[in-house]
Colleague: 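First the structure, then my questions, so here it is.
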Amino acid sequence: MPIVLVGTSKIPTEIEIGANAYDVVGDKARQVVVARVNGEIVDLSHVLIDQDHVEPVLISEPEGLSVLRHSVAHVVAQATQMLFAQAKLGIGPPIKDGFFYDFGTDTPFTPEDLSAIEKKTIEIIQSGQKFSRRVVTRDQAQEELSGETYKLALLGANAGAEVISQDVMEVGGGELTIYDNIDLRSGEHRWCDLCRGPHVPDTRYIDAKAIKLMKTSSAYWLGNQQNDSMQRIYGTAWPTKDGLKSYLHMLEEAEKRDHRRLGIDLDLFSFPDEIGSGLAIFHPKGGVVRRAMEDYSRVRHESAGYEFVYTPHITKGSLFETSGHLDWYKDGMFPAMHLDEELHEDGTVKRQGQDYYLKPMNCPFHNLIFKSRGRSYRELPIRLFEFGSVYRYERSGVVHGLTRVRGMTQDDAHIYCTPEQMPTELGKLLGFVLDLLRDYGLEDFYLELSTRNPDKSIGTDAEWEQATAALAEAAAVSGLDLVPDPGGAAFYGPKISVQARDAIGRTWQMSTIQVDFQLPQRFELEYQAADGNRARPIMIHRALFGSIERFFGVLLEHYAGAFPPWLAPVQVIGIPVASAHNEYLEDLATRLRASGIRVEVDTSDERMQKKIRTAQTQKVPFMLIAGDDDIAADAVSFRFRDGTQENGVAVDDALAKIIDIVNTKVQI
């Protein structure tokens, strides 16, 4: 009796009983690695039943690529145990751009060990092995894996052990499964692992020239510092060797662009040990770039109808009790400072002290500004804007240069509007955000919609649905791709985040827009509506840069330190052929400074060619070179940082060109 399938037009409508997913969607080119059956990702060996809806999942799709990498992780674990029999299996999930596998071993892996494991992994892939799924009982799994301490912990066999979540792809999904690695030629069993799967059908789906083991590191079992220390092997895998080559090239470029190194090389900022982890200081040149970023943002916000406000860095804890941050965000806040307590001479309390906190957010302060006097619907929307310093207690292992800091300055805005104004305001906000990001040189965007986590949120379903729908509508109008982020919203409302790709294709989260029905209720914000009744405003949170520090770091890497002229700390440097030409260039510098151009003249004793190399190393956009002939002709040699040069350019023309490029924010 045939099975009737509901599928795409390319899938046959009837197949025989006992057929599997490969019979329906598999291909000889090995581009289909798993199938989606009734919405669930399964192995191609999955047996179908009546009315199954079957779709192919390609190796190039995100889900297919994740399965490929998880399968390679299994082979790496097999290779490791072949070489290091004492290594105990931990977990081996796919991650962004690759995978890792954790091993319990007393001896750290060396670079030579990593090379040997990679070589053995390639041998296994080329030998040809099938990934065969097998359902087992808990007792069977415990018996088969009796020597695997950490697998037994996953099974709950050890006292007090907990079964971990499905997202590490070990257990879960309603049944326990073991994947056997079977030799394709002899049919012999080679290795096995407790795993939820799915996997590619066999190692012929893996291009041995498209995998690479990247590094080893220490890790804790299940990421808990109270657990055993383990050795982690990181690797990457791609459908083709060209994919691997492109990825490795991107990593090389990323290393060259590392903003932490560029910050030192270009004398922009530093993180002194005397201050503490995640707390940056900006040097004069970095301060110039930061001020230019902020000044332009201020001008654009003023023209868009924002009003500037300023709020303190600390507050009584009661403010964050009202906002809910102490309930939902306390782990991300610095500990309280207990202040204002007064004691009698005998040591008894005369006056109770209070807990003060460094602020992690600006929004509660802005609510107090809104609430400071009566408001009318005629005033709305009210757009408050602040470059507000906030402090968040990031764990030491998470802090990373300027992109993950403990002290930051948010370009934070909060818009208070009526329900009727909300759709229009969201559309304007998103357009404003995208236009401003483009002005700073970012062009390639998509959007992410973060929705409610029922376990970490407040408010009614109806409020969340209305807020989410309004954001989705604004995203649709933008025409950009919208990617769902289920459960990723803050506790008070859903958000859209703008994801921007940089010059080498990496994605960074930039601006966020959140619709909030909750804080206006918690702060009892009101305005007088047109009918004379009191009404509750809707609050929209908006951070454009996210933080000045993080945006600085992103732009620094995007431009590899070569900021466009309008942002460059030094826009022009004068280079005299000899000291006799210093005065001529100093006069030109004075004229440029009068037009707001940041210019220096290199009057050092270095030779001219050394001065040019120094200017290029410092990524100065323009060099004006002058010697005897130039002075006689009232001209300069006009040199760009890419090495091109125009000789004998009239001074007035050279200065006018520089001023025009800077003022029009041309990206060169």
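Note that the structure is predicted; figures quoted are calculated from it, not measured. Side chains included, hydrogens not; waters and symmetry mates left out as well; all remaining heavy atoms used.
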Colleague: Ring centroid separation for Phe551 and Tyr440, is it under 6.0 angstrom?
Modeller: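 Yes; Tyr440 has its ring centre under 6.0 Å from that of Phe551.
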Colleague: Using the ring of each side chain (for Trp, its six-membered ring), is His74 parallel, tilted or perpendicular to Tyr179, with breaks at 30° and 60°?
Modeller: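 Because their plane-to-plane angle is over 60°, the rings of His74 and Tyr179 count as perpendicular.
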Colleague: Got a sec, which residues hit salt bridge (Lys or Arg N to Asp or Glu O under 4.0 Å) with Glu473, two or more places apart in sequence or on another chain?
Modeller: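 If we apply the salt bridge (Lys or Arg N to Asp or Glu O under 4.0 Å) test to Glu473, skipping adjacent residues, there are no hits.
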Colleague: Mind checking side chain to side chain contact (heavy atoms under 4.5 Å, CB included) for Asp485 and listing every partner two or more places apart, or none if nothing turns up?
Modeller: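 With sequence neighbours excluded, Asp485 shows a side chain to side chain contact (heavy atoms under 4.5 Å, CB included) to Glu448, Ser450, given in chain and number order.
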Colleague: Could you work out, with side-chain hydrogen bond (donor to acceptor under 3.5 Å, both in side chains) as the rule, every residue matching Asn38, not counting sequence neighbours?
Modeller: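 Partners of Asn38 by the side-chain hydrogen bond (donor to acceptor under 3.5 Å, both in side chains) criterion, ordered by chain and then number, come out as Asp52.
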Colleague: Under 3.5 Å, is there a donor-acceptor pair linking the side chains of Glu465 and Thr468?
Modeller: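 On atom types as modelled, these side chains do not qualify, holding no pair under 3.5 Å.
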Colleague: With sequence neighbours left out, what residues match Asp242 under salt bridge (Lys or Arg N to Asp or Glu O under 4.0 Å)?
Modeller: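 Asp242 satisfies salt bridge (Lys or Arg N to Asp or Glu O under 4.0 Å) with no other residue.
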Colleague: Ring pair (Phe, Tyr, Trp, His ring centres under 6.0 Å) for Tyr234 and Phe99? Distances and angles first, verdict last.
Modeller: CA-CA 6 Å; Tyr234 285 98; Phe99 59 87; 9.0 Å; no
Colleague: According to ring-ring contact (aromatic ring centres under 6.0 Å, His included), who are the partners of Tyr492, at least two apart in sequence or on a separate chain?
Modeller: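 Listed in chain order: His541.
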Colleague: If you measure from SG on Cys195 to CG on Leu154, what distance do you get to the nearest 0.5 Å?
Modeller: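 CG of Leu154 is found 11.0 Å from SG of Cys195.
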Colleague: Can you find a side-chain donor-acceptor pair between Gln667 and Tyr559 that sits under 3.5 Å?
Modeller: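 Short answer, yes.
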Colleague: Can you list everything that forms a side-chain hydrogen bond (donor to acceptor under 3.5 Å, both in side chains) with Glu255? Sequence neighbours excluded, please.
Modeller: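 Testing Glu255 for side-chain hydrogen bond (donor to acceptor under 3.5 Å, both in side chains), a comparison that skips the adjacent residues, returns none.
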Colleague: Distance only, no hydrogens: is a donor on one side chain within 3.5 Å (strictly under) of an acceptor on the other, for Asp228 and Tyr150?
Modeller: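 The criterion, which ignores hydrogens and geometry beyond distance, is satisfied for Tyr150 and Asp228.
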Colleague: Quick one: does Thr121's side chain get under 4.5 Å of Ile125's, heavy atoms only?
Modeller: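 Answer yes - side chains close enough.
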Colleague: If the threshold is 4.0 Å, N to carboxylate O, is there a salt bridge linking Glu253 and Arg257?
Modeller: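 Counted as a salt bridge, because a side-chain N and a carboxylate O are separated by less than 4.0 Å.
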Colleague: Could you check whether His189 and Asp180, counting side-chain N and O atoms only, form a donor-acceptor pair closer than 3.5 Å?
Modeller: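 Present: a donor and an acceptor within the cut-off.
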Colleague: Using a 4.5 Å cut-off on heavy atoms from C-beta on, say whether the side chain of Gln81 contacts that of Glu148.
Modeller: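 Yes. Closest side-chain heavy atoms under 4.5 Å.
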Colleague: Of the non-hydrogen atoms in Thr216 and Phe109, which two are nearest, and what is the gap between them?
Modeller: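 Heavy-atom minimum between the residues: OG1-O, 3.7 Å.
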Colleague: Which pairs with one or both residues in residues 76-104 pass salt bridge (Lys or Arg N to Asp or Glu O under 4.0 Å), sequence neighbours excluded?
Modeller: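 Only Asp102-Arg232 qualify under salt bridge (Lys or Arg N to Asp or Glu O under 4.0 Å).
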Colleague: May I ask you to check whether Thr240 and Trp238 show a side-chain donor-acceptor distance below 3.5 Å?
Modeller: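 Thr240 vs Trp238: no donor-acceptor pair found between side chains.
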Colleague: Could you tell me which residues satisfy side chain to side chain contact (heavy atoms under 4.5 Å, CB included) with Ala85, sequence neighbours excluded, listed by chain and number?
Modeller: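 If we apply the side chain to side chain contact (heavy atoms under 4.5 Å, CB included) test to Ala85, skipping adjacent residues, there are no hits.
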Colleague: Determine the sole option in Gln78, Arg190, Lys130 for which the side chain to side chain donor-acceptor pair (under 3.5 Å) test with Asn181 is passed.
Modeller: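 Between Asn181 and the candidates, side chain to side chain donor-acceptor pair (under 3.5 Å) is satisfied uniquely by Gln78.
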Colleague: Hey, is Arg133 close enough to Glu175 for a salt bridge, meaning N to O under 4.0 Å?
Modeller: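 Salt bridge: yes.
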Colleague: With side chains defined as the heavy atoms from C-beta onward, is the minimum distance between Arg260 and His400 less than 4.5 Å?
Modeller: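 The answer is yes; the side chains approach within 4.5 Å.
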Colleague: Determine, stepwise, if the pair Asp207 / Lys241 fulfils salt bridge (Lys or Arg N to Asp or Glu O under 4.0 Å).
Modeller: CA-CA 7 Å; Asp207 185 343; Lys241 63 180 180 180; over 6 Å; no
Colleague: Just to verify, what does Asp444 make a side chain to side chain contact (heavy atoms under 4.5 Å, CB included) with, not counting sequence neighbours?
Modeller: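 With sequence neighbours excluded, Asp444 shows a side chain to side chain contact (heavy atoms under 4.5 Å, CB included) to Arg501, given in chain and number order.
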Colleague: If the condition is salt bridge (Lys or Arg N to Asp or Glu O under 4.0 Å), which residues does Asp202 pass it with, not counting sequence neighbours?
Modeller: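 With sequence neighbours excluded, Asp202 shows a salt bridge (Lys or Arg N to Asp or Glu O under 4.0 Å) to Arg204, given in chain and number order.
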Colleague: What I'd like to find out is whether the side chain of Leu437 reaches to under 4.5 Å of the side chain of Leu544, using heavy atoms alone.
Modeller: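 Yes. Closest side-chain heavy atoms under 4.5 Å.
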Colleague: Taking only residues two or more places apart in sequence or in another chain, which ones pass salt bridge (Lys or Arg N to Asp or Glu O under 4.0 Å) with Asp502?
Modeller: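 Salt bridge (Lys or Arg N to Asp or Glu O under 4.0 Å) list for Asp502, sorted by chain: Arg506.
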Colleague: Does this structure show an ion pair linking Arg261 with Asp258, if we count only N-O contacts that are shorter than 4.0 Å?
Modeller: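 Salt bridge between Arg261 and Asp258, a charged N being under 4.0 Å from a carboxylate O: no.
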Colleague: List in chain and number order the residues that pass side chain to side chain contact (heavy atoms under 4.5 Å, CB included) with Ala116, two or more places apart in sequence or in another chain; answer none if no residue qualifies.
Modeller: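 For Ala116, the residues satisfying side chain to side chain contact (heavy atoms under 4.5 Å, CB included) (neighbours in sequence not counted) are Leu83.
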